[in-house]
Number of protein chains: 2
Amino acid sequence: MAAEARRGYAKGRAKRGEILDQAMALFGEAGYRGASLRVIATRCGISHPGLLHHFPTKESLLLAVLEHRDEVDGEWLGLGGATGVQRLGGFAALAELNATRRGIVELFCVVSAEATSADHPAHAYFVRRYARSVSDAERAYAQAREEGALRDGVDPALAGAQLIALMDGLQVQWLLSDGATDMAGVLRAHLQAQLTVRL
Amino acid sequence: MAAEARRGYAKGRAKRGEILDQAMALFGEAGYRGASLRVIATRCGISHPGLLHHFPTKESLLLAVLEHRDEVDGEWLGLGGATGVQRLGGFAALAELNATRRGIVELFCVVSAEATSADHPAHAYFVRRYARSVSDAERAYAQAREEGALRDGVDPALAGAQLIALMDGLQVQWLLSDGATDMAGVLRAHLQAQLTVRL
DNA sequence: CCTACCGATCGGTAGG
DNA sequence: CCTACCGATCGGTAGG
């Protein structure tokens with residue numbers, strides 16, 4: 001009985017994870033508005049009211065997908081103990097990892113663009129996310145300056161916004177060129193030109 | 001009779017232009033998939049079959065909107081006679097102009113992200129558009145090099161992809177920050193760091 | 001340019 | 001988790 005209950009919960013959690021994966025893929029392919037609960041549910045082998053048992057609304061599903069990604073990727077940036085230069089290199093390393101995960105790149109590229117509309121359900125999420133990304137980059141530059149590794153004339157605030165913008169724009173080019181754009185290479189060249197030491 | 005015919009054609013052309021303007025705005029607000037012909041038609045004061053009299057399908061309307069923008073903005077870049085440095089400055093000037101036209105920025109930001117899907121009706125359009133933008137930027141850098149205005153270590157091909165990526169990424173940040181991001185300022189700082197002369 | 005309609009699909013609910 | 005259904009909305013067509 002206890003074993004059955006545990007198996008039951010485990011099965012529910014597994015299905016929940018499967019829904020998050022399939023939803024991430026379809027939100028990336030078609031955007032939030034273009035994706036339908038029925039298609040996501042079918043890909044998980046359940047009906048769409050079955051999906052709504054796990055996530056009560058389409059909006060809650062989108063937010064769960066975004067939060068799930070942040071949990072999984074949270075350790076990639078903002079790691080304590082690293083030098084500023086290492087943290088800047090981490091942005092390029094993240095781009096390198098992303099080049100192996102088209103679904104995730106599509107998700108953030110397509111949904112962040114959709115979410116520039118003030119009435120989009122993920123608008124507040126992306127406003128917060130960009131503010132944090134830009135300030136993370138800015139702090140990494142400021143730390144590199146303290147380490148004497150930053151070239152004169154590079155302003156951490158400007159450079160932070162620049163770095164995040166560059167990463168986003170490269171993702172669009174990478175998706176449109178079917179993977180031909182070397183995101184990490186372009187990023188490393190950009191960072192190298194701002195630093196006095198090798199990356 | 002000739003006058004009446006001329007007035008009739010003029011009215012048709014005016015309505016066509018009104019449809020293109022309203023379609024541009026709604027495609028930007030809601031994306032291609034999220035925009036509906038009925039809403040666009042209502043904003044123009046006609047029924048949606050009325051709209052379909054001017055543009056036979058939703059897809060043809062989207063492509064007409066994109067081509068209309070290219071015609072209007074075509075002269076901003078690729079102007080003959082300018083120096084490479086002036087043409088690079090033109091990219092920043094375009095960003096400055098775009099900061100006064102939220103609807104146009106939304107259109108390209110949202111629809112280009114949607115169009116990364118291979119089955120999107122504007123996919124081929126954006127693949128072509130990016131290839132041309134990147135090579136325009138690349139040629140401007142190569143020209144600046146010939147003028148002796150480009151710093152050592154700046155590779156025109158890399159720098160071209162970088163500049164276009166930066167412009168796109170800044171547009172997302174500008175839209176999400178409700179106009180607080182200084183697109184032209186960040187771009188000018190980026191260009192200035194690559195040049196040996198004042199912009 | 002219109003009204004009226006087509007079949008398809010949407011997110012969500014009822015009731016089990 | 002299911003079937004069956006709700007009202008709303010979609011792009012496009014018929015016929016005028």
Side-chain angles (χ1 to χ4, degrees), chain A residues 4-27 29-65 110-111 114-115 117 119-122, chain B residues 4-27 29-65 110-111 114-115 117 119-122:
Chain A
E4 252 174 49
R6 246 181 286 120
R7 210 174 53 226
Y9 287 141
K11 212 177 138 191
R13 269 199 308 275
K15 184 57 78 179
R16 219 185 116 93
E18 190 182 349
I19 293 170
L20 287 174
D21 284 346
Q22 297 292 349
M24 180 192 76
L26 193 65
F27 284 144
E29 288 166 33
Y32 173 72
R33 292 182 177 106
S36 90
L37 297 179
R38 282 169 172 84
V39 171
I40 297 167
T42 299
R43 290 189 185 184
C44 298
I46 60 176
S47 66
H48 91 275
L51 190 158
L52 289 166
H53 168 74
H54 294 276
F55 301 94
T57 64
K58 189 183 184 183
E59 188 173 327
S60 72
L61 176 58
L62 174 64
L63 295 177
V65 166
V110 174
V111 180
E114 262 187 324
S117 288
D119 63 346
H120 191 283
Chain B
E4 251 175 49
R6 247 182 285 121
R7 208 175 53 225
Y9 286 141
K11 210 177 141 193
R13 270 200 306 275
K15 185 56 80 177
R16 220 186 114 93
E18 191 182 349
I19 292 170
L20 287 175
D21 285 346
Q22 297 291 350
M24 181 194 75
L26 194 64
F27 285 145
E29 288 166 34
Y32 173 72
R33 293 181 178 107
S36 91
L37 297 178
R38 281 169 173 85
V39 171
I40 296 167
T42 300
R43 291 189 185 183
C44 298
I46 60 176
S47 66
H48 91 275
L51 189 157
L52 288 166
H53 168 74
H54 294 276
F55 302 94
T57 63
K58 189 183 183 183
E59 188 173 328
S60 72
L61 176 58
L62 174 64
L63 295 176
V65 166
V110 174
V111 180
E114 262 187 324
S117 287
D119 63 347
H120 191 282

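Any value given below was found using the heavy atoms of this structure, including those in side chains, with hydrogens, waters and symmetry copies removed. Below, chain A is the first sequence line, B the second, and so on; all start at residue 1.
- Put simply, CZ on A:Arg33 is 21 Å from P on D:dA8, counting in whole angstrom units.
- With contacts defined as side-chain heavy-atom distances shorter than 4.5 Å, the pair A:Leu61/A:Phe27 qualifies.
- With a cut-off of 3.5 Å on both Watson-Crick or G-U wobble distances, the partner of C:dG16 is given as D:dC1.
- The shortest side-chain heavy-atom distance between A:Glu114 and A:His120 falls under the 4.5 Å cut-off.
- In the set C:dG11, D:dT3, D:dC1, the nucleotide with an atom closest to the side chain of A:Ser36 is C:dG11.
- The A:Lys58 side chain lies nearest to C:dG12 when the options are C:dA4, D:dC1, C:dG12.
- Checked against C:dC10, D:dG12, C:dT13, the side chain of B:Arg38 finds its nearest nucleotide in D:dG12.
- Within 4.0 Å (heavy atoms only), B:Pro56 reaches no atom of the nucleic acid at all.
- Residue A:Ala35 is in sugar-phosphate contact alone, with no base atom involved, counting any heavy-atom pair closer than 4.0 Å across all strands shown.
- The CD-C1' distance, from B:Glu18 to C:dC1, rounds to 14 Å in whole Å.
- C:dG11 atom P lies 12 Å from atom CG of A:Leu62, rounded to whole Å.
- Look at CG on B:Leu51: it is 10 Å from P on D:dG11, rounded to the nearest Å.
- Rounded to whole angstrom, the span from the CG atom of A:Leu37 across to the P atom of C:dC10 amounts to 9 Å.
- Picking from C:dA4, D:dC1, C:dG12 the nucleotide with the shortest atom distance to the side chain of A:Ile46 gives D:dC1.
- Across all strands shown, B:Leu52 has heavy atoms under 4.0 Å from base atoms, whether or not it also approaches the sugar-phosphate.
- The distance from atom CZ of A:Phe27 to atom C1' of C:dC10 is 13 Å, rounded to the nearest whole Å.
- Regarding contacts with the backbone of D:dC2, a side-chain N or O of A:Ser47 is found under 4.0 angstrom from either OP1 or OP2.
- Between the C1' atom of C:dC1 and the CD1 atom of B:Ile19 lies a distance of 11 Å, rounded to the nearest Å.
- Closest approach to the B:His48 side chain among C:dC1, C:dT13, D:dG11 is made by D:dG11 (side chain taken as heavy atoms from C-beta onward).
- Distance check: B:Ile46 CD1 to B:His54 NE2 gives 5.0 Å after rounding to the nearest 0.5 Å.
- Atoms CG and OG, from B:Leu26 and B:Ser36 in turn, are 6.5 Å apart once rounded to the nearest 0.5 Å.
- With rounding to whole Å, B:Arg16 atom CZ is found 12 Å from C:dC1 atom P.
- Side chains of B:Glu18 and B:Arg43 form no contact here, defined as non-hydrogen atoms less than 4.5 Å apart.
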